[in-house]
Amino acid sequence: MTTQQPAPSASVFSSLKGKLPKDTGIFIVMVGIALIFEAFGWYVRDQSFLMNPNRLVLIVLQVAIIGIIAVGVTQVIITTGIDLSSGSVIALTAVVAASLAQTSDSLTPMYPSLVNLPAVVPIVAGVGVGFLAGVINGVLITRTGIPPFIATLGMMVSARGLAQYYTQGNPISFLSDGFTSIGQGAMPVIIFLVVAVIFHIALKHTRYGKYVYAIGGNMTSAKVSGINVNKYLIIVYTIAGGLSGLAGVVLAARVSSGQSSMGMSYELDAIAAAVIGGSSLMGGVGRITGTLIGAVILGLIKSGFTFVGVDAYVQDIIKGIIIVAAVSIDMYRNRKKR
């Protein structure tokens, strides 16, 4: 009896698939979306979507802010957690940083005796507030047993309320040039890429990354194998909070103002970027490179729809559909593995 051999084309495809980088599929999707908007641009507006430098710069800057948050959110999702507080933490850290970055030119500085401080002071203060928010999230989840969804939802509401109380609803402006410089030009992009490289290496080549994936893969097994699960969960949420704080500082520097309304729905964009990039809400799966591509895809979609004249409210509807579709695909993949 002869054994049926696989078709040569199938074996070649399987071999090629095994050699391709894991994020090749999502990268191809990103390129496809860009080309679709390019075609629509010529058809609808007789203009190029991709060849406009100003538009590309705007996309990259949008991606940088969301991407910084998404790097932290990715690590949370890998542990089977969720962080709904990112957008509100951005607002809180932005107003705290801005209040300490004011110059003597301000007619009503929040702290008259603390104007013209070195830029490092508001930067450290803003990031520090983000770290503190992350620590609180982590401690609530690990010490009280509150589900991550509820704990971070509480932080989302509280941080936004604190930002509004801190500013009384007023914007904080007249910020120093030293502070605003970190939000100008290519600096937000450089900061994002540095953050992405650091945590790509951390997840792929360090004990921290090994433990994060182990916790997300099977928390019980991770505990049995001697991993201090609570400790590493607190670290993960602290990192996520700190990166949200960094994003808030960069955003305040970019717009030269701190406002309590900043960061609205940014947490959803960050979660969407991570899930579109291949992170599984079931835990144990996720890559920073995929998240980076996912953030670019969101930036392309937002800019592309604006370019072709899609109403902003309709864009939100489509974004919601994309998030649901990404999660549905993730659920389908997990069912197939079982």
Side-chain angles (χ1 to χ4, degrees), residues 20-41 44 48-78 82-83 86-87 188-189 191-193 195-197 199-200 203 243 247 251 263-281 285-333:
L20 291 174
K22 292 182 177 179
D23 296 313
T24 300
I26 191 67
F27 180 80
I28 292 172
V29 170
M30 180 188 75
V31 173
I33 290 171
L35 293 176
I36 288 171
F37 281 122
E38 178 70 8
F40 263 101
V44 176
S48 172
F49 172 69
L50 296 173
M51 295 298 110
N52 186 316
N54 293 332
R55 184 175 300 110
L56 294 179
V57 168
L58 182 60
I59 292 173
V60 170
L61 288 174
Q62 289 173 340
V63 166
I65 302 295
I66 296 299
I68 292 171
I69 313 166
V71 169
V73 169
T74 297
Q75 296 170 74
V76 170
I77 290 175
I78 290 172
I82 199 75
D83 188 355
S86 304
V189 180
I191 292 169
F192 167 46
L193 292 177
V195 167
V197 169
F199 286 101
H200 172 74
L203 285 177
L243 291 178
L251 183 58
M264 287 288 190
S265 299
Y266 278 31
E267 64 278 356
L268 299 182
D269 288 343
I271 293 168
V275 174
I276 290 171
S279 296
S280 173
L281 292 172
V285 177
R287 292 180 301 277
I288 300 301
T289 50
T291 295
L292 190 154
I293 297 171
V296 173
I297 287 174
L298 285 178
L300 283 171
I301 290 172
K302 182 175 182 179
S303 182
F305 281 138
T306 302
F307 175 65
V308 299
V310 176
D311 188 274
Y313 299 116
V314 176
Q315 290 184 37
D316 287 338
I317 295 170
I318 295 171
K319 187 189 297 183
I321 293 171
I322 291 170
I323 294 171
V324 172
V327 174
S328 299
I329 291 169
D330 173 51
M331 299 287 287
Y332 176 73
R333 284 198 304 252

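Bear in mind the structure is a predicted one, so any value in this text is a computation, not a measurement. Hydrogens, waters and symmetry mates are skipped; everything else that's a heavy atom, side chains included, is used.
- The CG atom of Leu58 sits 8.0 Å away from the NZ atom of Lys302 when rounded to the nearest 0.5 Å.
- How far CG of Leu251 is from CD1 of Ile69: 8.5 Å, rounded to the nearest 0.5 Å.
- Residue Ile28 holds its CD1 atom at 11.5 Å from CG of Leu35, rounded to the nearest 0.5 Å.
- Here the shortest heavy-atom pairing between Gly286 and Ser279 reads CA-OG, 3.5 Å.
- Shown here for Val71 and Ala196, the closest heavy-atom pair between the two residues is CG2-CA, 4.3 Å.
- Side-chain contact check for Ile66 versus Phe192: every heavy-atom pair is 4.5 Å or farther apart.
- Taking 4.5 Å as the limit, some side-chain heavy atom of Ser86 sits within range of a side-chain heavy atom of Val73.
- Heavy atoms only, all atoms of each residue included: Ser280 and Ile77 are closest at O-CG2, 3.3 Å.
- Rounding to the nearest 0.5 angstrom, the gap separating the CD1 atom in Ile293 from the CG atom in Leu300 is 11.5 Å.
- Ile65 places none of its side-chain heavy atoms less than 4.5 Å from the side chain of Leu61.
- Side-chain atoms of Ile297 and Ile26, non-hydrogen and from C-beta on, do get closer than 4.5 Å to each other.
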Checklist entry - Between Val63 and Val189, is a side chain to side chain contact (heavy atoms under 4.5 Å, CB included) present by the stated rule, with each step listed? => result CA-CA 8 Å; Val63 166; Val189 180; over 6 Å; no
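- Of all heavy-atom pairs between Met30 and Val296, the closest is SD-CG1, 3.4 Å.
- Distance check, rounded to the nearest 0.5 Å: CZ of Phe49 to CD1 of Ile59 gives 4.0 Å.
- Among all heavy-atom pairs drawn from Ala70 and Thr291, the shortest one is CB-CG2, 3.5 Å.
- Residues Phe199 and Leu243 form a side-chain contact, since some pair of their non-hydrogen atoms from C-beta on lies under 4.5 Å apart.
- Contact between Asp83 and Ile271 at its shortest, heavy atoms only, is O-CD1, 4.0 Å.
- Heavy atoms from other residues, nucleotides or ligands lying under 6.0 Å from CZ of Phe305 number more than 12.
- Residues Ile78 and Leu203 meet the side-chain proximity criterion, which asks for heavy atoms closer than 4.5 Å.
- A heavy-atom distance below 4.5 Å is found between the side chains of Leu193 and Leu292.
- Looking at Ser303 and Phe37, their side chains never come closer than 4.5 Å, going by heavy atoms from C-beta outward.
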